[in-house]
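Only heavy atoms go into these numbers, but all of them, side chains included; no hydrogens, no water, no symmetry mates.
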Amino acid sequence: MFPMIAGGQINLVPNPSLEDTFRCPSDSNVIKTKKWFNPTNYGTPDFFYVANQGNSICLDQAPAHWGGGGYNNAWGNQTPHSGLAYAGMAVSQGSELMESPLSDSMIAGKKYAVSFYVSVGDLWGSGLDLIGVSFLPDSTVDYTGAGTLPATLTNDAGNQSGNIITDTLGWSLVADTFVANGGEKYFILGNIDVANTQYYNSPNPTAVYFYFDDFDIHCVDCSTSVPVIPDYPEISLTPNPSNGEFILKGNFPLGSKIEFYNLLGQRLSEIEIAEGNQSLPISLQLAQGVYFYEITTGEKKMKSGKIVIAK
C-alpha cells in the first residue's frame with residue numbers, strides 16, 4: 001500500500017485502512033490484518049474482508065483472537081470506506097478495544113491531527129458519542145498472550161461529547177487534535193471515557209457495535225517531516241464510473257496482475273499485467289453496480305479500490 005500523507009505530513013498509522021494482510025498459518029483460507037492487535041484478554045475485535053476470508057478466528061494471531069467475516073455479517077451489511085477491508089467491535093463500556101503501533105514516536109509539545117471513519121452496525125439500531133483513542137509510550141501487549149491494560153486510559157482524541165453517532169448507511173468522520181507529551185508510540189481505540197458516554201436507543205449499552213476504517217494520525221506543526229517515496233509509481237484505473245471500459249495506467253513490475261470481485265467477495269476475473277510503464281485497456285462485461293479490484297505483484301499488494309459500472 002502507498003503511505004498515506006495528509007496535509008503534507010506522514011500518516012503515523014502503519015496499516016491505516018487495514019489493507020495489509022496475512023494468511024493464518026493454521027488455516028490459509030483465513031485472512032487477517034497486520035499491525036493491529038486486541039490488547040485485552042476478553043472480547044474479539046473483528047476483521048471484515050472482501051471474500052469473507054476473515055470469517056474464522058485466526059488462532060495464530062497474538063496476543064488474542066480476532067473474529068470477522070465478509071461485508072454481510074452478524075452485525076450488519078457494510079462496504080469499506082475505501083479499499084477491501086475494515087474492522088469492527090462492540091465499543092461501549094470498554095467491552096472491546098483495538099491497538100496499533102505508530103510508525104514513529106510523537107514529539108513533546110507538537111500537535112497531531114487524529115481522524116478515522118466509523119459506521120454503526122445496522123442490526124443494532126443504537127449509537128453513542130465517545131469513541132476515541134488513548135496514546136501510550138509502551139504497548140499494553142506482551143505478544144505472548146493477552147495484554148494488561150493500564151488502570152486508567154485517557155480519552156486523548158476522538159468524537160466530541162454529545163455528538164451521538166447513529167448512521168448505519170454511510171461512514172461518519174471522527175476528527176480531533178492531540179498535543180503530545182512526547183514518546184507516545186502506541187494508541188488504543190475504543191470507548192475510553194465510559195462514565196461520560198451518552199447513548200441513543202440502547203437498552204444494553206454493551207451492545208453498541210461500530211465498524212472502523214481509514215485511520216490518519218499526523219503532526220500538523222512538525223518541520224522535520226520528509227517526503228515519502230512510494231514503493232510503486234502512481235497507478236490509475238479510469239474512468240470511474242464507467243460503462244465497463246477502463247484504462248489501467250502505471251509502471252508495473254514483473255508478475256503483476258489485477259483481480260476483480262463482486263460485493264459477495266467472489267472473484268470475477270483476473271488479468272495478467274506485462275512488465276513496464278504502460279496503458280492497458282480493460283473491458284469488463286459486467287452488470288451495472290459496484291465492484292472491487294486488487295492489483296498485486298507476487299504476494300505484495302500495490303493498490304486496491306472500488307469501481308462503479310453505470311450503463
Under a plain distance cut-off of 3.5 Å, with no hydrogens placed, do [Y] and [X] share a side-chain donor-acceptor pair?
X      : Y      : value
Ser139 : Glu99  : yes
Thr296 : Glu294 : no
His218 : Asn11  : no
Ser100 : Asn15  : no
Asp213 : Ser17  : no
Ser242 : Asn240 : no

Are [X] and [Y] side-chain neighbours, meaning at least one heavy-atom pair lies under 4.5 Å?
X      : Y      : answer
Lys249 : Asn277 : no
Leu284 : Ile307 : yes
Phe260 : Arg267 : no
Val133 : Phe215 : no
Tyr291 : Val308 : no

When you check the gap from the basic side-chain N to the acidic O, do Lys111 and Asp221 get nearer than 4.0 Å?
->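 No, Lys111 and Asp221 are not salt-bridged.
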
Under a 3.5 Å distance rule, please check whether [X] uses its side chain to pair with a backbone N or O of [Y] as donor and acceptor.
X      : Y      : value
Gln278 : Ala274 : yes
Thr177 : Ala113 : no
Asn159 : Gly132 : no
Glu245 : Asn243 : no

Please check if Ile217 and Met98 belong to a single hydrophobic cluster, counting links between Ile, Leu, Val, Met, Phe, Trp and Tyr side chain heavy atoms closer than 4.5 Å.
->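 Linked within one cluster.
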
Is the [X] ring parallel, tilted or perpendicular to the [Y] ring (thresholds 30°, 60°)?
X      : Y      : result
Phe135 : Phe187 : tilted
Trp171 : Tyr211 : tilted
Tyr209 : Trp75  : parallel
Phe210 : Phe212 : tilted

Determine the minimum heavy-atom distance between [X] and [Y], stating which atoms define it.
X      : Y      : answer
Ala175 : Gln160 : O-NE2, 4.3 Å
Leu97  : Asn38  : O-OD1, 3.8 Å
Ile247 : Pro281 : CD1-CA, 3.8 Å

Check the pair Ser283 / Gln285 against side-chain hydrogen bond (donor to acceptor under 3.5 Å, both in side chains), numbers first and verdict last.
-> CA-CA 7 Å; Ser283 180; Gln285 303 302 314; 3.0 Å; yes

